[in-house]
Amino acid sequence: MLVTSCVVLDFETTGLSPDQGDRVTEVAAVRVANNQVLEHYASLANAGRSVPGFVTQLTGISMQMLRTAPPIRQVIHALATFIGTDPVIAHNAGFDRKFLIAEYRYAGLTPPTNAVICTLRLARRVLPHLPNHKLATVASHLGIRFPSNAHRAEADARVAAHVLLALSERLADAHDLEVTPDVLGHITRWPIAQWQTRLARHQAPPVPP
DNA sequence: TGCCAGGCCCTCTTTAGGGCCTT
């Protein structure tokens, strides 16, 4: 059981790289504690950046929708308040982390120092047999359904939160572990090859002292 | 004209290259 409070985050953006000028178009953050999905914060965000057609096709987020959305500075300040000092969790967390840091800077905030945990890395270690580790594939394998359209921030964040809880439960059951964000962080940093060697020997995964 | 992300991970590797994953 994952007892400690943490925040599962998902961004929709205009592209793949803040270094190339891409900006966030929608944020969703879901707080998880006591093995449950609790409150959430979600909002479209207007950063004044055009949305490429293929991104609108992928996410359903259009320029027209963003015209009436709150300014991104306001959204990021609200997000920062929501996240606080909790560990931040995301699927392919490196992607969301670099946008989080960039948007905090644009918003005049100090870049976050929260612990970051990646459910993609976790899924690759706990479910190595899957054909791929896209969020939809992992969720489907775990019997988790999207509450609405995939590739919208709130739906993806909620699904990632349930993926986190399901993977944590598997770890706890299989290895008699107390799963905390510290343990998850340690496990996802452990090299896959050594992880699989330990599993093959029926050894518990390495955890912090 | 051709390129335009980046970090992780694997392997026909390590003096490298390519697939995966996110929008």
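Letters A, B, ... are given to chains in the order of the sequence lines, protein chains preceding strands, and every chain is numbered from 1.
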query = Between the side chains of A:Ser17 and A:Asp22, does any donor sit under 3.5 Å from an acceptor?
reply = no

ask   = What interatomic distance, in whole Å, is found between P of B:dG18 and the corresponding atom of B:dT1?
value = 26 Å

query = Mind checking the P distance from B:dC3 to B:dC8? Whole angstroms is fine.
reply = 26 Å

Choose from [options] the nucleotide whose nearest atom is closest to any side-chain atom of [X].
X	options	result
A:Ile192	B:dC10, B:dG6, B:dT23	B:dC10
A:Thr13	B:dT23, B:dA5, B:dC21	B:dT23
A:Leu16	B:dC21, B:dT23, B:dC9	B:dT23

inquiry  = If we ignore hydrogens and angles and just use 3.5 Å, is the side chain of A:His91 paired with the main-chain N or O of A:Leu135 as donor and acceptor?
reply    = yes

Do [X] and [Y] come within less than 4.5 Å of each other through their side chains, counting heavy atoms only?
X	Y	result
A:Leu109	A:His77	yes
A:Tyr41	A:Ile83	no
A:Leu167	A:Leu171	no

Heavy atoms only, 4.0 Å cut-off, all strands: where does [X] land among base, sugar-phosphate and nothing?
X	answer
A:Asp10	sugar-phosphate
A:Gly94	nothing
A:Thr59	sugar-phosphate
A:Arg125	sugar-phosphate
A:Phe11	sugar-phosphate

Kindly give the atom pairs (protein nitrogen or oxygen, nucleotide nitrogen or oxygen) under 3.5 Å for nucleotides 17-20 of chain B.
unit_1: B:dC20; atom_1: O3'; unit_2: A:Arg124; atom_2: NH2; d: 3.4

N or O in side chain of A:His91 less than 4.0 angstrom from B:dC21 OP1/OP2 = no

request  = Respond yes when some side-chain nitrogen or oxygen of A:Arg97 is under 4.0 Å from OP1 or OP2 of B:dT22, and no when none is.
outcome  = no

ask   = Do you know which of A:His40, A:Gln36, A:Glu39 makes side-chain hydrogen bond (donor to acceptor under 3.5 Å, both in side chains) with A:Arg31?
value = A:Glu39

task = State plainly whether one hydrophobic cluster holds both A:Leu184 and A:Val116, where clusters connect Ile, Leu, Val, Met, Phe, Trp and Tyr through side-chain heavy atoms under 4.5 angstrom apart.
result = no

note = Taken to the nearest whole Å, CG/A:Asp96 to C1'/B:dT23 is 10 Å

